[in-house]
Number of protein chains: 2
Amino acid sequence: MIKDFSYLIKDKGFKVTQIRKDILGIFSNDCKPINAEYIYKVLKNKKTNLVTIYRTLVSFEKEGILKRVDLHKESVYYELVDDHHHHHIICLYCKKVYNFNGCKEDSDLLISKALKQNKDFNSISHHSFDLFGICKKCSKK
Amino acid sequence: MIKDFSYLIKDKGFKVTQIRKDILGIFSNDCKPINAEYIYKVLKNKKTNLVTIYRTLVSFEKEGILKRVDLHKESVYYELVDDHHHHHIICLYCKKVYNFNGCKEDSDLLISKALKQNKDFNSISHHSFDLFGICKKCSKK
DNA sequence: TTTCTTGCAAATTTTTTGCAACTTA
DNA sequence: TAAGTTGCAAAAAATTTGCAAGAAA
């Protein structure tokens, strides 16, 4: 389902433009980490520009709308920050990404322990907890 | 201190060359995530080649000697897999990296929960648990 | 001597920048 | 209309590839 992201965009201090709504629509619809190239292909018929997409991704990340996800792939992937709390298991060979539901309490506990140790931060805006291994299919090969 | 990594290199099926020992020496000595360019500068007087460094990093990652670390910077950083178990807190503005000692039991628990949920993996070779926020210095600005 | 490694040059890919034209508020 | 956005062209930066020469086992 495509939500209307106008409020979120405006709330973060951006002007509401079609492409920004489109980009967030794709994130909301696809529910997986995506990169600039992917967005470009989806929006190609709308004559979008890759440069604009890059700029949008960077600015949305700075404002906490998107977060980077490191899939150990060639380019940078992003996800909605406000997504359902989950983590990734990534196959080191085929790079396929599987989600799993991390227990929010568990990771919150780890974060509070970290903040007690490190006095350079007041708070944490988001975190990554990703597992890397070789999936069963690739192990067989 | 610089350890001798010859055995590790040979054990993973590589030939023991000076540059491979040098690269692992740097990782062992510096104890922080580093990228190809950094290694290149450290070894510059030895007339090293960036291409060789890239190839070494990629092959060492595949064999589980190194792991990628995503610092949300321009290039790819690596760390020794066999390092002391720790995690990172990264400032989204200045990109400075702070370490903290994650409790190994806690993250092992999360990993076992993940493996129960997801049946596509038998085991996990390594994981990332990194926190992102804005450090106190950058908050003041 | 066989196999793996390295270096060089060049290519590819991803991401960024400058600037003028265009939109949103 | 003022301030922020976009598109185009071009540049910059990071990483990869092919191939011949060199080094390890």
Side-chain angles (χ1 to χ4, degrees), chain A residues 4-26 33-63 65-78 92 95, chain B residues 4-26 33-63 65-78 92 95:
Chain A
D4 180 28
F5 288 99
S6 303
Y7 179 73
L8 175 62
I9 295 169
K10 193 179 293 180
D11 188 49
K12 294 292 187 179
F14 298 112
K15 290 190 173 172
V16 178
T17 64
Q18 192 55 47
I19 196 171
R20 286 175 172 156
K21 288 192 286 182
D22 286 345
I23 289 176
L24 290 183
I26 294 172
I34 62 186
N35 66 357
E37 193 65 32
Y38 179 85
I39 295 171
Y40 184 59
K41 279 179 186 153
V42 173
L43 297 180
K44 201 188 291 178
N45 49 338
K46 299 198 179 179
K47 283 195 279 167
T48 330
N49 189 299
L50 247 187
V51 175
T52 307
I53 296 172
Y54 276 110
R55 281 195 274 231
T56 306
L57 293 175
V58 168
S59 60
F60 279 6
E61 195 215 346
K62 283 200 175 135
E63 288 305 321
I65 299 175
L66 297 176
K67 63 179 170 187
R68 286 175 61 141
V69 182
D70 184 27
L71 303 180
H72 293 194
K73 288 196 183 183
E74 68 299 337
S75 65
V76 177
Y77 285 69
Y78 295 87
L92 289 167
K95 306 282 179 172
Chain B
D4 180 28
F5 288 100
S6 303
Y7 178 73
L8 175 61
I9 294 169
K10 193 179 294 181
D11 188 48
K12 294 292 188 180
F14 297 113
K15 290 188 173 172
V16 179
T17 64
Q18 192 56 48
I19 196 171
R20 285 175 174 156
K21 288 192 288 182
D22 286 347
I23 289 176
L24 290 184
I26 295 171
I34 63 187
N35 66 358
E37 193 65 32
Y38 179 84
I39 296 170
Y40 185 59
K41 279 179 187 152
V42 173
L43 297 180
K44 201 189 288 178
N45 49 339
K46 299 197 179 180
K47 285 194 278 167
T48 330
N49 189 299
L50 247 187
V51 174
T52 305
I53 296 172
Y54 275 112
R55 281 196 274 231
T56 305
L57 293 175
V58 168
S59 60
F60 279 7
E61 195 215 346
K62 282 199 176 137
E63 287 305 320
I65 299 175
L66 297 176
K67 64 179 170 187
R68 286 175 61 142
V69 182
D70 184 27
L71 303 179
H72 293 195
K73 288 196 182 182
E74 69 298 338
S75 66
V76 177
Y77 284 69
Y78 296 87
L92 289 168
K95 307 281 179 170

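Naming: A, B, ... by sequence-line order, numbering from 1 per chain.
Not less than 6.0 angstrom separates the ring centroid of A/Tyr77 from the ring centroid of A/Tyr38.
Counting only distance, with no hydrogens or angles, the side chain of A/Arg20 and the backbone of A/Thr56 share no donor-acceptor pair below 3.5 Å.
Side-chain contact between B/Lys95 and B/Leu71: absent, with no pair of heavy atoms (C-beta onward) separated by less than 4.5 Å. Proximity of A/His72 to B/Asp70: side-chain heavy atoms (C-beta onward) are nowhere separated by under 4.5 Å.
The A/Asn49 side chain lies nearest to D/dG7 when the options are D/dG7, D/dT16, D/dT6. The side chain of B/Val16 has D/dA25 as its nearest neighbour among D/dA25, C/dG7, D/dT16.
In this structure, CD1 of B/Ile19 is placed 8 Å from C1' of C/dT6, rounded to the nearest angstrom. Across the protein-nucleic acid pair, A/Lys73 atom NZ and C/dT15 atom C1' stand 18 Å apart, rounded to whole Å. In this entry the distance linking CZ of A/Phe60 with C1' of D/dG4 reads 13 Å, nearest Å. Rounded to whole angstrom, the span from the OH atom of B/Tyr38 across to the P atom of D/dA14 amounts to 17 Å. B/Lys21 has its NZ atom 15 Å from the C1' atom of C/dT5, to the nearest Å. Distance, A/Tyr77 OH to C/dT13 C1': 13 Å, rounded to whole Å. Rounded to whole angstrom, the span from the NZ atom of A/Lys10 across to the C1' atom of C/dT24 amounts to 10 Å. One atom, CD of A/Glu37, and another, P of C/dT14, lie 6 Å apart when rounded to the nearest Å.
The side chain of A/Thr17 contributes an N or O atom lying less than 4.0 Å from OP1 or OP2 of D/dT6. Distances shown here put every side-chain N or O of B/Arg20 at or beyond 4.0 Å from the OP1 or OP2 atom of D/dA24. Distances shorter than 4.0 Å separate some side-chain N or O of B/Tyr54 from OP1 or OP2 on D/dT15. Of the side-chain N and O atoms in B/Ser75, none sit less than 4.0 angstrom from OP1 or OP2 of D/dA14.
The one candidate from B/Leu57, B/Ile65, B/Ile23, B/Val69 that meets the side-chain contact (heavy atoms from CB on, under 4.5 Å) condition with B/Tyr78 is B/Leu57.
The base of C/dT23 has none of its N or O atoms less than 3.5 Å from a complementary donor or acceptor on the side chain of A/Lys15.
Mapping A/Lys47 and B/Arg55 onto DNA chain D via the closest heavy atom, the residue that lands nearer the 5' end is A/Lys47. Nearest-nucleotide positions on DNA chain D place A/Thr48 closer to the 5' end than the other of A/Thr48 and B/Phe14.
Using a 4.0 Å heavy-atom criterion, one finds that A/Glu74 contacts the sugar-phosphate atoms exclusively.
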